Amino acid sequence: MTPGAAVLPCAGDPAGALLVLAIVLPTAGFLLALSVGGGRAERVALLFLAGGFAVAIAIVAAIWRSGHALSYALGGWTPPLGIALRADGLSAVMAMTTALVVGAVALFGRQNFAAPAPGVEARVPLSFWTLLLAVTTALNLIWFAGDLFSLYVALELLTFTAVPLVCLDGRADTLEAALRYMLFALMGSVLYLLGTALLYSAYGTLDIALLSERVRPEPAVWTAAALMTAGLVAKTALFPLHLWLPPAHAGAPPAASALLSALVVKGSFFLLVRLWFDVLPGLPSRAPAELLAALGAAAVLMGSVLALRQARLKLLIAYSTVAQIGYLFLMFPLASGPAGGPVAAGALTGGMLQAVSHATAKAAMFMAAGVMAGALGHDRIAGLAGTARALPMSMFAFGLGGAALIGLPPSGGFLAKWLLLTASVQSGQWWWAAVMLTGGLFTCGYVFMVVGRAMGEKDASEPRIIAAPITGQAVALALAVISMLLGLAALAPLDLVLVGRPTLAVVACR
Amino acid sequence: MTFALAFDCGLAVLILAMAIWTIAARTTFPAVVGFVAYGLLLTLVWMRLAAPDVALTEAAIGGGLTGVLLLGATSRLRATEPPAVSERPSVPFRLAVAGLCTLLSAAIAAVVLLLPDPAPTLAPEAAAKLSLTGVGNAVTAVLLAYRALDTLLESAVLLLALVGVWSLAPDRFWGGAPRSLALRHRDGSLSLLGQVLPPIGIVLGVYIVWVGADAPGGKFQGATIIGAMWVLTMMAGLQTPPEISQAWVRVILVAGAAFFLAVGIAGFWLAGAFLAYPTGFAKSLIVAIEVALTLSVAATLGLLVAGPPARPVRT
Amino acid sequence: MTEFLLAVGAFVLATVALGLIRVLRGPADADRMMAPQLLGTGGIAALLLLGAATGMPGAIDVALTLTLLAAFASVAFVKGASEPAEPEPDEGGGG
Amino acid sequence: MSLLLDIFTVVAVSLGAVFFLAGAVGLLRFPDTLTRLHALTKADNVGLGLIVLGLLPQTERPLAAVKLIVAWLLVQLASGTVSQLIARTARRTEPPA
Amino acid sequence: MTGATLFGLCAAVLVGLGLYGAIVHHLILRRIVAFNLLGAGAFLLFGVVARRGTGAGMGGDPVPQALVITGIVVAFSATALAVALLLRLHAVRAAEDADR
């Protein structure tokens, strides 16, 4: 990159305005839902989320069609003084996933979080619908913000929405889980913030594109990288900082669990990807990437083993999230090869596909588990017998989601793992492949444990299973089907995630 | 120079002493006292670092509101506080953490000593564009023009925290008022303070918002003072916290951020970009946003201190 | 004059430090409650001296803010320290 | 004239500093909470008053002088109230010495 | 040694102290206090960066100063939420114990 050749984004890019819309719409919805309150928050939320869905589609379409990243300088102030929003392929994919999963969670949540009577405001519905809108703002800001401090604000927004979602039911153990989660998350944010301070001290900017040109291996950058990585790892619940996740994700209401496992942990993971691939490409990242992947491998094995040993379904799914997060980190050493190489491209695509596939599959599984727990009155795995016959749709959704986690074709998980396996073999790092295969076997184990139990005949002494409303089951099934069909993306041009890289900085005005 | 350095050294030593006290004190109350002292001292540091805007914020929030919040929690949890020595983490664990933290401090200290000279800065650029915003205070220009998105979202963060706090209410109290902040024993001199201080505080708060465009000050600082004065009148028993379901409460809370957002969206058409201000109107719009945000932020801060609803709705 | 004012400021800070040692050690909470009081007055004095010495804009405004907020914190201190923990208004887990 | 004002400043500010020292010594030496409180409020308030007085000639604008005086008055008011509250707490929570 | 460097070193120590307290304390309220201490250290680091970046007649770089103002407000919100959670947890616990 020749100095001075960086073309800074200009305001008024018509497609770039979509990025503003993706952030403004849910924010406006949040403010409106909070002010009108009453029983109207739900309708406001559904309306604004539907709008957000359309915006996400438009963003994906714009990036796909043009083949280059979108950008928008807020207020017409260009970086480094101003803040730019940017959307490359990675962000577009994540934004689409967000719109999809948040939409599904909203539809699923309608049965649990309806206002008690028309126009009557109650605690849980108002909190749920406002927080759902706020979580969308936070996530979209994480996908699109091009400035490290705006990303800090986004991370905090995400924490402030995720924590109350955990303890909506107000029981002591979920409150405790929420508090523990909050302390982890706050610590993570402060460490991240310290890193941004150090980067600013060295280069006088927080803009990702400008930093990527200026960053050189020197003490300030290494310290910043270590601090930010540690903070984000704590927020992503990567082993060994995963302790907060299972109680928090298992204790939340099903709709919230789906949101937390599918999307919220991906926010900080995405920032790690941004950090190492976009902010610090100038750093020799071999050793840190190996370290992250080693922690990921440990998470895959530990999480899977712990999942197998759980007696409660929701805890099993939560530990499975710990394991699946581990897979995401295997991508780092595979994708940090020579920039732009086909192996790296495959690994990056595989890693992001894993994130998307896990998001849809895990949301489906948490929703299905919620339906089952609601119908059974408990979520003990030992007492699941007969569920498959009583709730075939939910059980099918759970099984499909599980199959996507295992990586059966044609699921998104299959394609993701296949790409990662190929990358590890091609780059001669076969040990990561071994971890992936072992983890897959464990995943088989815990998914079949649940499915097998549910297929069994119900004991006559057990209480009758209550029928469950159809909407929630249908939503879970739809998400599971999507995660199963994601692998067909192989038939479409796969390079959407690669739009805008590796030459992220060259964003021309049209 | 030497006297200045002596002043700085004294300040640094005092701050470190307060920090160590805050971490090492055996029980919570003295630790929180140490923390409030720490916040007050940091205000002086911010002045020494030529950041009067931050000093105002720190004086208002760091020592003031945060201290009050922590102190309220301390007194309510005091009965449950176990004797100081019970179930400490093991010594090896503490040593390991101490080692890690020392390493962290050393790394940051090393980076501080190795900082580039001259330091990279955006000051010239911020100054060069200042005329486009019409305001005279560069920090205000950063907060409301160059990086307006952060400020907009920050006001959303405050509201979100309030929703989070409210969501912790028992179901049957939803829509009701937070618990009373008044001292149990009515006190004549406190009532007097509660009557005299708030008007002065509100005048000062408004003044600080008003001059914020051109001199040190701004909405968060002013709003914090106003919010604190509101809490003071509630503590003096002159006012009670409002019911959170009332329409006017919601409107006041949301108004600032909503107005900011509306101006931002209007920028699409009037100035060619989201959050841009039309030429010639920048300063008046910035002041208008600040005024709108002041009321909302003051109300939000006051209600954050008051806590979740704890009384049933009066019918 | 600048040097003199700064020196006095440092001196005032030192006396504050001296007082703080005494106050923080207690034993009564009432002793500890004097800490923000002490720092409020001393801090304001130091701030005013600093402002006059360096001619920094806004120093007096910061001092005024500190005055208001230190008084506010002290009232909260009294409330916090003097009242026994109240029984919570709520029983039960929100259901 | 300006020299006279400067001398005034130096004298008043120095006197104020002495009062601060007296307050600190009082805090250290006095035996019980109430007397310590007395030492603190009296000495510090007079000290701050003298410093404000000393700084008045150094202000450039009348508004600044007014604000200085207001700051001092506010401290008087607040510390009066607060020390009364503290004293009552001290009396309630511990037996008179 | 300039004042800015001095406070920079001070910030480094504050960060270490705050992190230590936030990990080691077993009382959650103490952890919240320690978190605030840590946050203040991080803000101070920004302040030092700002002070060093003088230019164009300004005493410091206004951008990091503005970031700190945002950060202080966000940290206050975090403290308020954490404290509310903690108080609620204790209230629910007390009620559950009373039921037993």
Side-chain angles (χ1 to χ4, degrees), chain B residues 8 12 15-16 19 22-23 28 31-32 35 42 45-46 48-51 53-54 57-58 61-62 65-66 69-70 73-74 76-77 80 87 89 94 97-98 101-102 104-105 108-109 112 115 119 121-124 126-127 138-139 142-143 147 150 154 157-158 161 164-165 168 220 304 307-308, chain E residues 3-17 19-21 23-24 26-27 29-30 32-34 36-37 40 44-45 47-63 65-66 68-70 72-74 76-81 83-88 90:
Chain B
D8 290 352
I15 282 189
L16 290 178
T22 303
I23 298 298
T28 311
V32 174
F35 177 77
L42 275 178
V45 175
W46 287 111
R48 289 296 299 147
L49 290 173
D53 298 272
V54 186
T57 316
E58 182 69 48
I61 293 188
L65 280 188
T66 308
L69 205 59
L70 293 173
T74 311
R76 286 174 68 187
L77 297 179
T80 66
E87 53 167 321
R94 277 155 64 194
V97 176
C101 295
T102 313
L104 174 62
S105 289
I108 296 178
V112 167
L115 281 178
T121 173
L122 291 175
V139 176
V142 175
L143 282 172
R147 299 185 65 100
D150 285 352
E154 178 194 9
V157 165
L158 274 171
V165 169
L168 297 167
F220 282 116
L304 275 176
Chain E
T5 314
L6 181 73
F7 288 125
L9 298 177
C10 190
V13 177
L14 292 179
V15 167
L17 271 172
L19 189 64
Y20 175 81
I23 296 176
V24 161
H26 71 277
L27 277 184
L29 190 54
R30 294 297 296 275
I32 297 174
V33 176
N36 272 290
L37 201 76
L44 194 53
L45 198 60
V48 170
V49 174
R51 178 71 181 109
R52 294 172 36 100
T54 47
M58 285 190 228
D61 186 346
V63 174
Q65 292 184 3
V68 171
I69 293 177
T70 307
I72 289 177
V73 177
V74 171
F76 171 78
S77 317
T79 309
L81 185 54
V83 162
L85 260 172
L86 178 62
L87 291 175
R88 179 70 184 145
H90 274 269

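Computed from a predicted structure; not experimentally measured.
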**Q.** Segment of A50(E) engaging chain B (4.5 angstrom heavy-atom cut-off)
**A.** neither
Q | Which of A34(E), G59(E), G16(E), G60(E) touches chain B most, by non-hydrogen pairs under 4.5 Å | A | G16(E)
Q) Is it the side chain or the backbone of Y20(E) that comes within 4.5 Å of chain B heavy atoms, both, or neither? A) both
Q | Part of V68(E) lying under 4.5 Å from any heavy atom of chain B | A | side chain
Q | F7(E) versus L49(B), closest heavy-atom pair with distance | A | CD1-CD2, 4.0 Å
**Q.** Euclidean distance, L65(B) CG relative to I72(E) CD1, rounded to 0.5 Å
**A.** 12.0 Å
Q.
Is L45(E) in contact with chain B via its backbone, its side chain, both, or neither, using a 4.5 Å heavy-atom distance?
A. side chain
Q. What part of V32(B) is in contact with chain E, defined as an atom under 4.5 angstrom from a non-hydrogen atom: side chain, backbone, both or neither?
A. side chain
Q) Hey, does the side chain of Q65(E) reach the backbone of V142(B) with a donor-acceptor pair shorter than 3.5 angstrom? A) no
Q. Does any heavy atom of chain E fall under 4.5 Å from the side chain of L42(B), the backbone, both, or neither of them?
A. side chain
Q. What's the shortest heavy-atom distance between R30(E) and I23(B), and which atoms?
A. NH2-O, 3.1 Å
**Q.** Per-residue contact mode, R147(B) against chain E (heavy atom under 4.5 angstrom)
**A.** side chain
Q. How long is the span from the CG atom in L168(B) to the CG atom in L85(E), to the nearest 0.5 Å?
A. 5.0 Å
**Q.** Interchain contact, L17(E) with chain B, by part (heavy-atom threshold 4.5 Å)
**A.** both
(Q) Which atoms of L158(B) are under 4.5 Å from chain E, going by heavy atoms: the side chain, the backbone, both sets, or neither? (A) both
Q.
Which atoms of T66(B) are under 4.5 Å from chain E, going by heavy atoms: the side chain, the backbone, both sets, or neither?
A. both
**Q.** Worked check of side chain to side chain contact (heavy atoms under 4.5 Å, CB included) between F76(E) and L304(B)
**A.** CA-CA 9 Å; F76(E) 171 78; L304(B) 275 176; 3.9 Å; yes
Q. Quick one: what part of V13(E) sits under 4.5 Å from any heavy atom of chain B, side chain, backbone, both or neither?
A. both
Q | Under 4.5 Å from any heavy atom of chain E - which part of L104(B) | A | side chain
